[in-house]
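Every chain is numbered from 1, with letters handed out A, B, ... down the list of sequences.
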Amino acid sequence: MSDRFKRLLVTSALPYANGPIHLGHLAGVYVPSDIYVRYQRLKKRDVIHICGSDEHGVAITIRAEQEGVSPQEIVDRYHAGMKESFQRLGVSFDNYSRTSLPIHHETTQAFFLKVLEKGFLVRKTTKQLYCTKTQQFLADRYVQGTCPYCGSEEAKGDQCEKCGRPMDPLSLINPISVLSGEPPEIRETTHWFFDLKRLQPDLIEWQKTHPEWKDNVKNYCRGAFEEGLQERCITRDLRWGVKVPLEGEEGKVIYVWFDAPIGYISSTKEWAIAKGDPDLWKKYWCEPDTKLVHFIGKDNIFFHALMFPAMLMAHGGFILPDNIPAFEFMNLEGRKLSTSKNWAVWLPEYLEAFEPDPLRYYLAYNAPENQDSDFKWQEFQNINNSHLADVFGNFVNRVVSMTLRYFDGKVPARGALSAEDDGILNLIKNAPNTVGESYENFHLREAVSLTLATSRMGNLYLQEQQPWKLVKENPERGGTVLNVSLEVCRALAVLFHPITPFTSEKIWRMLNLPGRVEDQEWDQAGIPVLEPGHALGEPVILFRKFEDAEIQKQLDKLKVSKPTEEEDSGIAPFLDQQVTYDEVATLDLRVADVLEAERVKKTEKLLKLKIRIGKDERTIVAGVAQYYAPEDLVGKQIIVVANLEPAKIRGIESKGMLLAANDGERLTLMAPAQPCKSGARVL
RNA sequence: GGCGGGGUAGCUCAGGUGGUUAGAGCGGUGGUCUCAUAAACCACAGGUCGAGGGUUCGAGUCCCUCCCCCGCUACCA
């Protein structure tokens, strides 16, 4: 950290309070941020680590309705669980708040008003879907329907679950209100938009001053700038959330993504109040000699590198983030995590079976720093058993055991030092510097490797010096080697503290040293301090080895949770809505002959088909190019919806659509089982 | 279609501004040792650095073309 900064404000992305913490969260945000913060604390820097639960948004209210409880009950449940999980993993927040607290609502409302006053909020009337039965506008996920892009019937109002595209609810085909199951109507409503567009030049100027940021962040922003930032709607017609603090705006709340980052500020306020100095938060948020760092996953780059900084600029009086270490994603056994499919490792379940430190170590060692990485149970086992148990843990154990055995558990005196002794003492003296540099640059994996390498050198030193022989031939020399080795153990306790804090504390106790590891000084980690004659504590095994059977158990658990064939195959679920015969009869399904077929240029999926229905010839556009070559279709018979209203697709008028079955793997066209007269009605 | 990121030893990955025999961890093989959690330490693995072409005295590292994988984005059933 350069001298320009007097203090550090580190934030970790607010986890969404609708489920337990899983390994994706940890690898991408909380383990890296906690390691960084613990390192900074040992450096004796003025640092606070701020986080909290993100408790607004539609996913929570829908869940509440499904379970027949209030949104508050949902978030209470998960907030408590998440907070506890973090604690048990040793993720050391200085404050873990929640966005449903009054302090956050007040902070957000004040923020909103200030930005409004500064002229960065624009009011606009838009069309939105409205559920007449429950008398409310349907924000985001309160509406679902058929995705106009991929045809999935599970598309939500904010995003299609299947193809992942963001959604304008108005473009959904056959939209249905999640609340009533009824089709909604379109009504006008007014909303507030944040004028992100206007701040683009400022954002660009600001980012020019940060060439040191990670490529993923810079590239994302560059792309966004080239596309041009747009005004963002920051209010919703909902009851759950931070109320818009304006007359005549009842029934409107501030969009969850506007209030969530403000949660960092309100969480800091809460911390300051608990400290007994309510204004202390300002020091961290408003003084330019504070270094603000946001730890996030790559999915949050937009909100932390563009939206929130723009909000802070618009508001004025705040510092901007100095760095935004955005991590990529961690997959599980080669597949993307999916909480809905339960393809995940949940922290509470992990902690039932294993200790916290091995997970912290493995996630840091394998952190998705520059690209997505993969969590593999077997690799987790390997790394634990070899790096932690065999290299690190065993080294400490050898040293302490020998001291116990040959020197009655007392630190032996140190005689004259050999070149090898000096070598390793120098190594631990310099280690804080080299490892620290990696931490300062957010090179987590490198830092972890360097840290482990130090214990490897310890083993090498023992191997070469062979104190077990020396104690018989030259006890004084043997004592010296063990004395030096014990200093290495002590250094390792400090050096490993950011990564494996629980283990470090165990070493501290084994060495019977005063105080706690977290109160030591990083830079002093390798300075010898042990007094000859100092009695050690009880030796304990630092890392047990994980047996194949327990790893297999975890793998089996995944198999169980692995989606069944049907769920995974992409077969659409049955629709609940019933239709009458008359409604079915409104569809004019016909047998048609394909006369011509050609690809629509510059598209991946579209074929232009000339078809004949009886005597009627017409053109339709169909999205089957990935499954059928044009020549495969000419001469074939297909079934089409003849009375679908015409649509312009890529400038081509399409009059009708063909029927095809989608089994999630491919599309299969519907055709009469036997040749049939063209134009025959299908019913 | 546009933008971005990847494709390096069996596996997971490192390899600023081009330069002697392309590196690490895990696994595998052989050896040393016995203090220790049957751990440690040493040696070996000889990988067309996705494919092809080019620039250069010299390219994994720069340029062009192409092929795969992954994100974002556009258009679109």
With a 4.0 Å limit, can you tell me whether [X] has a side-chain N or O closer than that to the phosphate oxygens OP1/OP2 of [N]?
X: A:Q371; N: B:A14; result: yes
X: A:K545; N: B:A38; result: no
X: A:R405; N: B:A36; result: yes

Rounded distance in Å - [atom1] ([X]) to [atom2] ([N]):
X: A:F327; N: B:G71; atom1: CZ; atom2: P; result: 20 Å
X: A:Y365; N: B:A14; atom1: OH; atom2: P; result: 11 Å
X: A:R398; N: B:C35; atom1: CZ; atom2: P; result: 10 Å
X: A:N384; N: B:A39; atom1: CG; atom2: P; result: 13 Å
X: A:L452; N: B:A40; atom1: CG; atom2: P; result: 11 Å
X: A:N331; N: B:U12; atom1: CG; atom2: C1'; result: 13 Å
X: A:F546; N: B:A39; atom1: CZ; atom2: P; result: 15 Å
X: A:E464; N: B:C35; atom1: CD; atom2: C1'; result: 16 Å

Base, sugar-phosphate, or nothing for [X], non-hydrogen atoms under 4.0 angstrom?
X: A:L482; result: nothing
X: A:F395; result: nothing
X: A:D390; result: sugar-phosphate
X: A:N394; result: base
X: A:K218; result: nothing
X: A:G223; result: nothing
X: A:I541; result: base
X: A:D215; result: nothing

Under 3.5 Å on both distances, the Watson-Crick or G-U partner of [N]:
N: B:G71; result: B:C3
N: B:U21; result: none
N: B:U48; result: none
N: B:U32; result: B:A40

With rounding to the closest Å, how many angstrom separate the [atom1] atoms on [N] and [M]?
N: B:A22; M: B:C26; atom1: P; result: 22 Å
N: B:G7; M: B:A43; atom1: P; result: 29 Å
N: B:G10; M: B:U55; atom1: P; result: 32 Å
N: B:G27; M: B:U12; atom1: P; result: 15 Å
N: B:G50; M: B:G58; atom1: C1'; result: 23 Å
N: B:A39; M: B:G30; atom1: P; result: 15 Å
N: B:G25; M: B:A9; atom1: C1'; result: 12 Å
N: B:A24; M: B:C42; atom1: P; result: 12 Å

Select one nucleotide: of [options], the one nearest the side-chain heavy atoms of [X].
X: A:Y406; options: B:A40, B:C35, B:G4; value: B:C35
X: A:K469; options: B:U37, B:C33, B:C35; value: B:C33
X: A:N397; options: B:A40, B:A36, B:G5; value: B:A36
X: A:Q463; options: B:C35, B:U37, B:C13; value: B:C35
X: A:N219; options: B:A36, B:G4, B:C70; value: B:G4
X: A:K376; options: B:U12, B:C26, B:G71; value: B:U12

Parallel, tilted or perpendicular: rings of A:W213 and A:H210 (30°, 60°):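 Parallel, since the angle between the ring planes stays under 30°.
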Whether A:F295 and A:Y36 hold their rings parallel, tilted or perpendicular, with breakpoints at 30° and 60°: tilted
Partner of A:H387 by ring-ring contact (aromatic ring centres under 6.0 Å, His included), out of A:F380, A:Y365, A:F392, A:F543: A:Y365
Residue pair A:R477 / A:Q465, side-chain donor-acceptor N/O under 3.5 Å: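 Checked: A:R477/A:Q465 side chains pair up, N/O donor to acceptor below 3.5 Å.
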Between A:R445 and A:N370, a side-chain donor and acceptor under 3.5 Å: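 A:R445 vs A:N370: no donor-acceptor pair found between side chains.
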Note: A:K336-A:D372 ion pair, threshold 4.0 Å (strictly below): no
Lys/Arg N to Asp/Glu carboxylate O, A:R544 vs A:E550, below 4.0 Å: yes
Residue whose nearest RNA chain B nucleotide is more 5′ - A:S386 or A:F392: A:S386
Nearest-nucleotide comparison on RNA chain B, the residue closer to the 5′ end among A:L460 and A:F543: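 Taking each residue's closest nucleotide, the earlier one in sequence belongs to A:F543.
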Test log, rule side-chain hydrogen bond (donor to acceptor under 3.5 Å, both in side chains), inputs A:R456 and A:N459: CA-CA 5 Å; A:R456 280 186 204 283; A:N459 276 319; over 6 Å; no
